[in-house]
Structures are given as structure tokens and as C-alpha cells.
Chemist: 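Got a structure for you, questions after.
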Amino acid sequence: MLSNHHWPWAAPLLALGAAAATTIDLTTPALKWTLTNGQGNVSVPAAVPSHAQLDLFAAGVVGDPLLGENNVHDNWVGTSNWTYTSAPIAGLAVPGGTTSYLIFDGLDTFAAVSLCNTSVASVNNQFRRWSFDVSGILAGAGCAQPVLEVAFTNAPAMAQYLADPAVPEASCAACFEAAYYYPGREFMRKEQSDFGWDWAPALSPTGIWLPARIVQLASADIHVQASTADVYRLGQQNNLPPSQSAPFVVNASIDYLGALPAGATLHASITGARGQALWSGALGNVTLGNGTIGGHTVLEGKSPALWWPVGYGAQALYNLTLSIIVPSSPSALASASKRIGFRTLILNQTPVSAAQLATGIAPGNNWHFEVNGRAVWAKGSNLVPLDAFWPRVTAGDFQELFEMAVAGNQNMLRVWASGAYLPDAAYDLADELGLMLWSELQFSDALYPTAPAFVANVLAETSQQVRRINHHPSLALWAGNNEIEYGLLRLGTNAPVALTEQYGGLFVQTLLQAVWAETRSVSYSPSSTTNGYQELDWAAGLMVERLGNVTEGSIYGSTDYYDYDATIAFNLSTYPVGRFANEFGFHSQPSYQTYAAALPPADLAFNSSGVLSRNHHYPINLTSFFSSFSSPAPPQNRTARSLQGMGELSTAAEHWLPTPRNADATQLFKAQILATQIFQAEFYRAQIAFYRRGSGRPERTMGSLYWMLNDIWAAPTWAGIERGGRWKMLHYGAKDVYAPVVVAPYYDAGTGAVEVWVTSDLWDAVAGTATVQWYDWAGRSLGGGKADLRAAVEVGAVNSTRVFAFNTADVTAFDLNTAVAVLSVEVAGGGAAYAHTHRFVAPPLSDPAVVGALVDPRLRLRHAGGSAFVVEAAALAAFVWLDHPAGVRGYWSDNGFWMLPGARTVTFTVLEDSTGGGWADEVVVDSLWTLASSD
Ligand SMILES: *[C@@H]1O[C@H](CO)[C@@H](O)[C@H](O)[C@H]1NC(C)=O
Ligand SMILES: *[C@@H]1O[C@H](CO)[C@@H](O)[C@H](O)[C@H]1NC(C)=O
Ligand SMILES: *[C@@H]1O[C@H](CO)[C@@H](O)[C@H](O)[C@H]1NC(C)=O
Ligand SMILES: *[C@@H]1O[C@H](CO)[C@@H](O)[C@H](O)[C@H]1NC(C)=O
Ligand SMILES: *[C@@H]1O[C@H](CO)[C@@H](O)[C@H](O)[C@H]1NC(C)=O
Ligand SMILES: *[C@@H]1O[C@H](CO)[C@@H](O)[C@H](O)[C@H]1NC(C)=O
């Protein structure tokens, strides 16, 4: 984690308006916050923003919550009540003539707020900004020394309380959830993975997790709380492709505290990156009320530079400054600035058209993203929280992770629905990088209450968050939740009507209308995985989901696919055929170095108790789950359930790869880790290639987002990037198969049929040559090259072409079981050239014939100076794996690759080095041979 970056939730471009206002920053050390538990026997200095676990760790009361088994031993912190108390607040203006507001950008989660021993409010939503008029309290008699107190009740206890059918705020007899550790998460508006997830610890953090302040206004002042801007094409309706020739509209507003004088108007000025004016003037159609002033303008005759995702054009950005002007003064009463972009970015779910049918696309509906009217193939992964504790995440952490995503050839991340809404700084970075962020309302794998108080709370949260994030051009979608519709779909006709109606009421009606009320530019999908809609009436705020009403032969929606039976991992007929793959994956072990930073030495073994306690993967039986109508008890026996997930890891690796048998325990563990990472990378590569090939098949698949990009702790999980930033083989493999033009084999082990396809996601057609060349494991050409293939290849825009087809039975010139085919493609188009290679081996690499044929590549690694290293191989080397030591953070230009005998240069991008350069002497190189030759 980098610490030298600014706090990501602060809104640096949000200019505070009125000069006469006094703002007391409640995060200042001068406030000497203390943290005290409910019993009163623990009291430590605290910070704002923070979480109780972080303050207790800083005070030495508990260990690092993410080290060893502290998450288990210290879980009393998450089930205790904690009170944050300030020192007397200095610097407040004298009461009288002022209005004072106490503003929290976020409280996590259930708290009673009091000032001067007087109750201010009780709050119950981590994701809302809370503002309270405390003028009366500050003016009161007992307030000479104003002390602020925020008393939190622990979330597990509150969830249990709210689940009680006798409690009206949230209770819901029909509600249920996929429970990981603490039950009842659906009754609270708090990060759902705080109660545990299969890749997460259950820490239930508590605290003032975002900045807070007191603002005091003189009578004629206002305070800018927030502002929003919506940029769309005139006539655009949510979810529908707009006319690309219509002018852009900018619709903007400011939310303020205080009273606006009569006759206030809202002005805007829009300037480009070099300060050139695009438009300025008074916004028309001004509305005023409920603390918001808004208006819009149509940019007739203006052609702003468009914003494009990475790989498709520049990321043009503009500054928008909003100013409130009142008749009495020539200067602005208040203003707010934000950076916007001009683009349309929609999720197109319209029916497949006659023109599309004529190109061979199967009937049904579309399910893809369109940027400025052009369909874009989404390449990416799913983002989970960067840490179990958001207050210590910096803008630099987002920058590092997002740059790694882009370095991995990704153009979209799905901001998954059971973490938190991301800070503006994250969207600002995505705007700059051209990284599209599919974003979700924070609901997941549960049926949620529809009690009026719960819904009102959710609506306030949704409106604040949608308004806050809407202006970012990287915002690609709002999805209402994670996987809930998919769960209903799996239930099929067993889905009780009441359950479907309860789901539909919240996600297909209430939240759709809440999102559409705040934006025209962003599409809404009720859930992450859907079959799209059958009916959409924008004016009526109505969407009718298709659910299971499908016609044989038609293709509709996005897919979500997991199967932990590794024996079928490479059977292509088991992969889902859909328009978009938004989740799929398999877990693997993180690196030895990442484990060593988190676990004691005795735990550095495959099935150690430390590793076991971090494997939270136990399959959830959705069928029984969705028909049970009750929360399952949280799993009690950690070891038994963890062994299941560990077993999946080792079974998969042993089924497909040589099984390491090193005598040395450390070497054995390292080899076992490598094996699980190779299997994971191969499984994802096979699926990504399958989904990419779908761009040229009737399913017209238009995206692949694998589970998952990042990790919040050192554990066996689905991540491609470990905690601390080290890339697993998955992230390198995904980078390779997400290249713009790729060649890949598609093998049916049952029939022996092999096809080789070339796929391109470019908007220009490309043409060139593809080859297949056969080698033995020593790296010698086989069969005198007579079985080699070469063909011209042409691929249209965002398309896929079959180049070769043969049957393994017809390859008779040599023993196929000991042969490796190297596939290559070289093409050019749109003024650029592209090359890619891949390989094909018919039998599993665990096959004794393969193991017997492997040749020691006698890998040698040479530091060629600077960041360059040369790998030399004396035979064909598979999964060449460069491993950098702890003490340096960074990533390789390529890793986990295959090479023929010879030399290959790779470079290492250093992010942070605490070894004074000494790391370069500690890099080691392994390969598949390491697994097979163990001793
Ligand atoms: C936490 O606070 C709640 C509400 O005030 C109370 O009912 C509960 O007993 C407290 N729990 C603990 C462990 O102090
Ligand atoms: C926006 O304004 C800020 C501050 O004036 C400036 O630093 C930045 O370069 C501008 N950015 C764009 C995209 O115009
Ligand atoms: C905005 O105001 C103009 C007249 O000033 C009017 O013609 C137009 O219909 C209004 N637009 C909306 C969306 O209210
Ligand atoms: C103010 O809010 C209330 C309640 O949400 C709503 O009924 C009313 O229409 C709003 N008024 C304006 C001017 O937006
Ligand atoms: C199912 O889909 C068909 C064709 O789109 C439609 O006519 C019918 O009304 C739908 N049935 C239901 C129950 O939604
Ligand atoms: C899932 O639950 C159903 C219903 O209880 C049961 O029939 C089925 O065997 C279970 N499946 C697994 C894999 O446990």
C-alpha cells in the first residue's frame, strides 16, 4: 500500500462556495479522538476517518487484523460496541446569526450521534452522507465545551435484531442470504463482505470511515454539499442507443445547505484540457427546491472531443464549473467543479435485428456495451474491495491497481456489488485511463427486505451515490445487484411467485426508477447476470425482465459460470454460450512470498492450519438455498469446510499437471503453489478464448469479466493480483489472451477435433498469416515440418475466424502424445501490426507420456542490466516463471510463457524497492519442468 497519496474520498475539485462560512475539519489530530468499548475497559487514542480495528492495532491492543489467525482470535472487536469521542471542539463561531451543520461523509454503520451530551440522530447506512442542523444544540446552555460522540452498536448484533420478525424497520420473513460467517447481512446497509465471503475474512469493521466536518453559515450563506452532472445526447433515453448526430446536453445541479435568495440562477462553464472554452452561460430550465438548484443546456453546434475507452481513442476530458449567481452580487455565491467527458456508453439489450440476423447472429437479444455508437468487446475482471478497511486505502492504491488492469489489456472492471461504492478518485483515474467501470448498487446473493423504512433508506443511498458518480465518463452501467436474478433463474419454475415479486418490486421497479430519476446517460440492469428485458418503457419507468421466458435457439443474456469438477475444466461444451460472460473462475494459492508476509513460518505449507483458516470456499447449494426461505446457520467447523476448497485446488492441479514430490518442504510448497496457479491460468485462458471466439459465432459474445482482479488478504482465492500487488500467473495469462488479436486452439478430446481460430476486437479489419508448427519437447521440429500448416487470415472488425481444422487422428507423422503445436498469427490493419502465439498439447500435461517426454530446458537467467533479464532455454520450456523476491514490488513484461530453445528478454517494472537493487540477484526461474523433476 502506498501512503504518500491523498485521501481518495475527498473531492478535490469540489470548491466550497461562500467565503463567510466556517468549516471545522473533524479529522484534524487536534480533536484527539478516543475510542472506548461498550464495557469501558478498553480506551485508546483514535483517528477519524478510521475503523476500530485499525485504531486498536495502532494502539497495540490487537495485532494486525490481516496477519496470521488474528482475524479469528480478535473477532471480539467486530462484535463489540465502540464509541468515538472527540476533545472539545475549538474554533466554532459564536452561536447566534449562524446555522451550524454536522456533516459525516460516512458512518460505518449503526450509530447514535450526540453533541454536548445531546442526542443528534441515530444512523443506519454506511453508504449515506449524513447532515444535521445542530445550531440549537450548539446554542444550548451545556455546550461551552462542545464534545462530539459517535456510539456504534456492532453490526452482527444489529443484523440479528433487525432480522427479528417483530422489528418493523427491516424484518422480512421471506428474506434469506448466502451466509458466510455472520448471518443477517441483508437486513443492514453495510458492506456485505464485511460479514465474510469466500475470499474474505469476516471482520465487521466499525467506525467513522469517511471525513466529517462542522459547517457554520451566516444567514445569507449556503454550503455546497454535492453536485452532479449528466451528459447525454438530446433525446437519449436510458438503456437505448441514442442518435450520434444529436447535440450533447449537459444537465447539472448543486445540492446545498442553507437558504438561496430569490432569483438565484445556475451558470456553467465548460473548458477543455488546454483551457479552451467550449461553452459558458446560464443554464436554462432552472429548478429550485429541496436544497437543489439545477438546470440544463443543449450544446447546439458544438462538437466536443469524444471520450473513448483505452485502445479505441483518446480520453478527452473537460472541466465543468457550476456557479450559483444571485441578483444582489456580480460574483458567484457558490460554485462547484468537476471533470466530465463527452461520450455515450450504454448497455444495449435490444432485440437482435433483421440486419444482425443476416450476418449469422442468433436470434434473441443483444447484451453488449456501445461507446459512441460502436459495439466494444469488454475485456476485464471483477473488482472487490482493495482492503478489509477502506480508511487506509489511498488514491495511489487505486492508481496502482487500475494501471495493472490496463497493463493486463483490460478495458473494463466490474465494481462488484458487495463491497462499497468507490470514491471519486477511483472514477477520476478510470476516466484518465479509459477503464470502463461497470458499477453496482450494493446488494448481493440474498433476498432483501421491502419494509418501507428499509426502502426509504435504500432510496436515499441510491440517489446520493448515483448523483455523486454520474458525471464520470468511465461509468459504464448501474446494475442493481450481484447474481440475485441468476439465482431466481436457476430456481426456474420452482421460484415462488412471492419471491419473484419481492425481487422485482425492489430491483426491477423501485431502484430502476430511482436510478433513471438521476441519470439519462447511464443504463440500468436490475442484476449482474440477466437474460435482459422483454419490455422497456422509458417514459413509464417500466422494465419487464425476460427471466426464464426464452425460446429454444435464441440467445439472450450474460452468464455466470463456476464448476469445481476440474475433470471437465477444458471440455468446451461445459462453458456457457451467451452474449457476455460476466463471472467465471477457480481459486489458486497466492505466492510463497505473499503467504510469508502474512503467516508464521510453521504455516508455510499447503494444508497448514493458517492456510486452511483462510480458505473460505465451501460450495453453496443454491437449489436448496433458494427454496429454504431461511438463513443457514453460519458454518461452524472451519477446518472441515476449508478442506473441501483445498481439495478442489489440489485435485485440479494433480489432474492436469505433474504432481510435485519434492523432499524439501519449502520447495514442495512452492511447487504446489505454482501448480495451482498454472491450472488456474490455463482454465481462465481457455474460457476467455472461448468467449472471445464467440464474437464470430451465432452467440456474438461481446465481453468477458473474470472473477476476480484483486485480493484483500493473503488467501487461496480467485484473484489474479495478490494482496501487496504481486501478479499470479492468471494476470499474465489474461494479459496474453486479452491482446487485441489472438490465436487459440479449440480441442474436443472426445472426437479429436481441433480448430484454430484468430480473434480480433479491433475496429479495423486485419489480414496476414497464421501458422501451426509441430515440435517435440526438446524443441526440434517434428515430421520434417510436413504436418505444419500455414494460411492467409483475414478478420473483420470485432470478429473471429476459423483458420485451421484437423483431427488428432490424422496427425500420424509422429507421436501426438509427445508433440507440441506452436500456433502463430501475424496480421496488420488500421495502420498497426499485431502478432500472437499460443500452443496446443493434446494429452493432459499430467499424462505419463508427456511427463516421460519432458526435457530439462536447463533454464538460465541473466540480468542484462537495468530492468532487463534474459531467459535462455536449451529445450522447449513451458510456463517459464520468473519469481522476484520479497522486498521489491512490481511486475514482468511477460511471465508464465512458453518458449522454444533460445533466448528471450523480459523486463521488470519496479513499483517499490526496499532492497537497494539487490533484488535483481534474487530472481529465480521455474517452469513445468520444476513440477515434473521434483527432488
Ligand atoms: C451493544 O449495544 C446494544 C445497543 O445499545 C446493546 O443492546 C448490546 O447489549 C451491546 N452489546 C455489547 C456487547 O456491549
Ligand atoms: C481542469 O482545471 C484544473 C484546475 O484549473 C486544471 O488543472 C486541469 O488541467 C483542467 N483539466 C481539464 C481536463 O480541463
Ligand atoms: C426548457 O425551456 C424551454 C423554454 O425556455 C422549453 O421550450 C423547453 O421545453 C424546456 N425543456 C424542458 C425539458 O423542460
Ligand atoms: C421535494 O421533495 C418532496 C419529497 O421527496 C417531493 O414530493 C417534492 O416534489 C420535492 N420538491 C421539489 C421542488 O423537487
Ligand atoms: C414470454 O415471451 C413472449 C415472447 O416474447 C411474450 O409474448 C409473452 O408474453 C411472454 N410471457 C410472459 C409470461 O412474460
Ligand atoms: C442441493 O440441494 C438439493 C435439495 O436439497 C439436493 O437434492 C441436492 O442433492 C443438493 N446438491 C448438492 C450438490 O449437494
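In listed order, ligands and their atoms are each counted from 1.
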Chemist: Going by side-chain hydrogen bond (donor to acceptor under 3.5 Å, both in side chains), Arg189 matches just one of Gln442, Gln126, Glu461. Which one?
Modeler: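 That would be Glu461.
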Chemist: For this output row, return yes or no: ring centroids of Trp713 and His616 closer than 6.0 angstrom.
Modeler: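 Between Trp713 and His616, the centre distance is under 6.0 Å.
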Chemist: Mind telling me whether Trp367 and Phe580 have parallel, tilted or perpendicular rings, with 30° and 60° as the class edges?
Modeler: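 The arrangement is tilted - the two ring planes meet at 30° to 60°.
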Chemist: With sequence neighbours excluded, tell me which residues meet side chain to side chain donor-acceptor pair (under 3.5 Å) with Ser131.
Modeler: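 Applying side chain to side chain donor-acceptor pair (under 3.5 Å) to Ser131 gives Gln225.
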Chemist: Are Trp478 and Tyr524 close enough that their ring centres sit under 6.0 Å apart?
Modeler: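 No: the rings miss the under 6.0 Å criterion.
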Chemist: Which of the numbered atoms in ligand 5 are below 4.0 angstrom from a heavy atom of Asn549?
Modeler: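 Taking each heavy atom of Asn549 in turn, ligand 5 has 1 (C), 2 (O), 3 (C), 8 (C), 10 (C), 11 (N), 12 (C), 14 (O) under 4.0 Å.
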Chemist: Hey, can you tell me if Tyr421 and Phe127 have their rings parallel, tilted or perpendicular (30° and 60° cut-offs)?
Modeler: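 Correct class here is perpendicular.
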Chemist: Check ligand 1 for close polar pairs with the protein: N or O on both sides, less than 3.5 Å.
Modeler:
unit_1, atom_1, unit_2, atom_2, d
ligand 1, 2 (O), Asn81, ND2, 2.2
ligand 1, 11 (N), Asn81, ND2, 3.0
ligand 1, 14 (O), Asn81, ND2, 3.1

Chemist: Under 6.0 Å between ring centres, would you say that holds for Tyr448 and Phe443?
Modeler: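 Yes, ring centres under 6.0 Å apart.
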Chemist: At less than 4.0 angstrom from any non-hydrogen atom of Gln534, what atoms of ligand 5 do you find?
Modeler: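 Those atoms are 1 (C), 2 (O), 10 (C), 14 (O).
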